[in-house]
Amino acid sequence: MDWEALLYSRIETIKPVSLDVRRRAKAVWDAVFKPIDGLGRLEEILCDIAAAQDTTKIELSKRAILVLCSDNGIVEEGISQSSSSITHTVAENIVAGKASINQMAACCHTDVIPVDMGMAEPAGGCLDRRIAAGTKNFAKEPAMSRELAVRAMLVGMELVHEQKESGYHILGTGEMGIGNTTTTSALTSLLLRCHPQNVTGRGAGLSSEGLLNKCSVIERALIYHFGEKYICRDIDVLDMLACVGGFDLAGLAGVFLGGALYRVPVLVDGVISACAAVIAARLCPCAVQYMVASHLGKEPAHKLLLQELGLEPVIHGNLALGEGTGAVLLLPMLDMALAVYKNKETFEENNLEAYQRY
């Protein structure tokens with residue numbers, strides 16, 4: 001099977017959103033009995049969602065957070081205060097409905113779908129989409145082959161197809177995998193052509209000494225794979241992903257591409273999913289039109305990645321939890337905005353002249 005040819009053949013079928021539908025959704029907003037643009041960014045997001053769904057009759061009632069779980073061999077380098085066993089434990093808690101994302105999702109009627117993309121130790125109850133039992137230590141060898149990276153992306157695309165067939169209207173992105181802020185920082189350094197110390201944070205709570213080690217490990221690994229002048233090199237995005245990425249990141253990039261392919265809006269969560277979104281955008285620029293940024297978190301790379309995408313986050317909560325928790329926070333706000341959007345109370349029905357857009 002030529003997996004790469006299959007990936008690109010699917011990407012070639014992705015089409016931009018309908019600008020006409022977006023204009024008509026904006027007209028619906030302007031007719032509602034309220035000041036023009038009164039709900040600000042939320043109005044814009046619902047117009048984006050209308051364009052992505054290709055209808056002004058926006059639906060958000062059935063939604064889910066896809067939590068992609070995998071382990072990262074780079075943990076061997078002491079870049080986290082936690083061991084890889086935590087990935088398995090948290091995944092089991094998600095399956096049991098006891099994790100943070102489950103508690104938050106239950107408050108807004110959102111399903112949580114944990115997916116095993118490649119944990120070292122499988123967790124029963126996850127959707128089994130295992131590529132391998134974790135990636136390799138990218139400080140010493142490529143994290144995965146190019147073929148495995150592509151296969152993980154195709155899995156992400158297929159996950160969206162499955163949810164679309166099951167009637168889901170909108171999806172959020174989540175992840176679980178000890179070491180994945182390190183893979184993210186390494187990829188961000190390559191994607192944005194900057195040094196690791198400018199885009200690397202403390203992850204799940206590293207000490208200052210631990211942060212210095214994390215930056216050093218990433219820097220050495222990037223030089224090992226791409227040479228001293230890696231910042232100046234034009235590196236293929238799939239090579240980046242294969243050398244220093246993770247199965248969760250690759251799968252999430254596929255989820256964003258799948259959202260564009262199957263016309264399902266996808267919420268960007270934290271720094272890991274934002275990095276995956278940039279990878280998707282490099283492969284298919286119009287995929288960004290199907291993305292919605294939920295929040296801005298603690299990791300320094302997060303803001304830079306959202307700027308690269310041209311997306312503006314709604315929530316500035318300084319979060320650092322992952323699992324899709326930032327994405328699910330946005331959903332109740334969208335529900336409230338949608339209630340206003342669907343409001344039948346218009347200027348015309350009140351025998352009043354509508355506000356004019358100047």
* Any ring-ring contact (aromatic ring centres under 6.0 Å, His included) involving residues 209-245? Give me the pairs, sequence neighbours left out, ordered by first then second residue. => none
* Is there a donor-acceptor pair closer than 3.5 Å between any side-chain N or O of Ser216 and the backbone N or O of Leu212? -> no
* To do: Starting from the C-alpha separation in whole Å, work towards a yes-or-no answer on side-chain contact (heavy atoms from CB on, under 4.5 Å) for Val328 and Ile101.
  => CA-CA 8 Å; Val328 81; Ile101 183 59; 3.9 Å; yes
* To do: Kindly say whether Cys108 contributes a backbone atom to a donor-acceptor pair with the side chain of Thr110 at under 3.5 angstrom?
  => yes
* Quick one: do Glu43 and Lys26 make a salt bridge, cutoff under 4.0 Å? -> yes
* Are any of the side-chain nitrogens in Lys342 or Glu59 under 4.0 Å away from the carboxylate oxygens of its partner? -> yes
* Asked: Any side-chain heavy-atom pair from Asp128 and Pro122 closer than 4.5 angstrom?
  -> no
* Asked: Can you check whether Gly324's main-chain N or O pairs, donor with acceptor, with Asp269's side chain at less than 3.5 Å?
  -> yes
* Do Thr188 and Ser185 come within less than 4.5 Å of each other through their side chains, counting heavy atoms only? -> no
* Asked: CG of Leu331 to CZ of Arg63: how many Å apart, nearest 0.5 Å?
  -> 4.5 Å
* **salt bridge (charged side-chain N to carboxylate O under 4.0 Å, His left out) partners of Asp111, counting only residues at least two apart** => none
* I would like to know whether Asn198 and Leu192 meet side-chain contact (heavy atoms from CB on, under 4.5 Å); could you show each step before the answer? => CA-CA 10 Å; Asn198 296 326; Leu192 304 186; over 6 Å; no
* In terms of heavy-atom contacts, does NZ of Lys62 have more than 12 from other residues, nucleotides or ligands at under 6.0 Å? -> yes
* Closest approach of Asn72 to Gly246 (non-hydrogen atoms, all atoms of both residues) -> OD1-CA, 3.8 Å
* Asked: What pairs with Glu219 under salt bridge (charged side-chain N to carboxylate O under 4.0 Å, His left out), at least two apart in sequence or on another chain?
  -> none
* Determine whether the side chains of Ser18 and Arg22 contain a donor N or O and an acceptor N or O closer than 3.5 Å. => no
* Could you tell me whether a side-chain N or O of Arg129 sits under 3.5 Å from a main-chain N or O of Gly251, the two making a donor and an acceptor? => no
* Side-chain donor-acceptor contact under 3.5 Å, Ser207 with Glu209 -> no
* **ring-ring contact (aromatic ring centres under 6.0 Å, His included) contacts in which one or both residues fall within residues 134-163, not counting sequence neighbours** => His161-Tyr262
* To do: For Arg146, check side-chain hydrogen bond (donor to acceptor under 3.5 Å, both in side chains) against everything at least two apart and list the hits.
  => Glu4, Asp236, Asp239
* To do: With sequence neighbours excluded, tell me which residues meet side-chain contact (heavy atoms from CB on, under 4.5 Å) with Ala337.
  => Trp29, Leu39, Leu42, Leu46
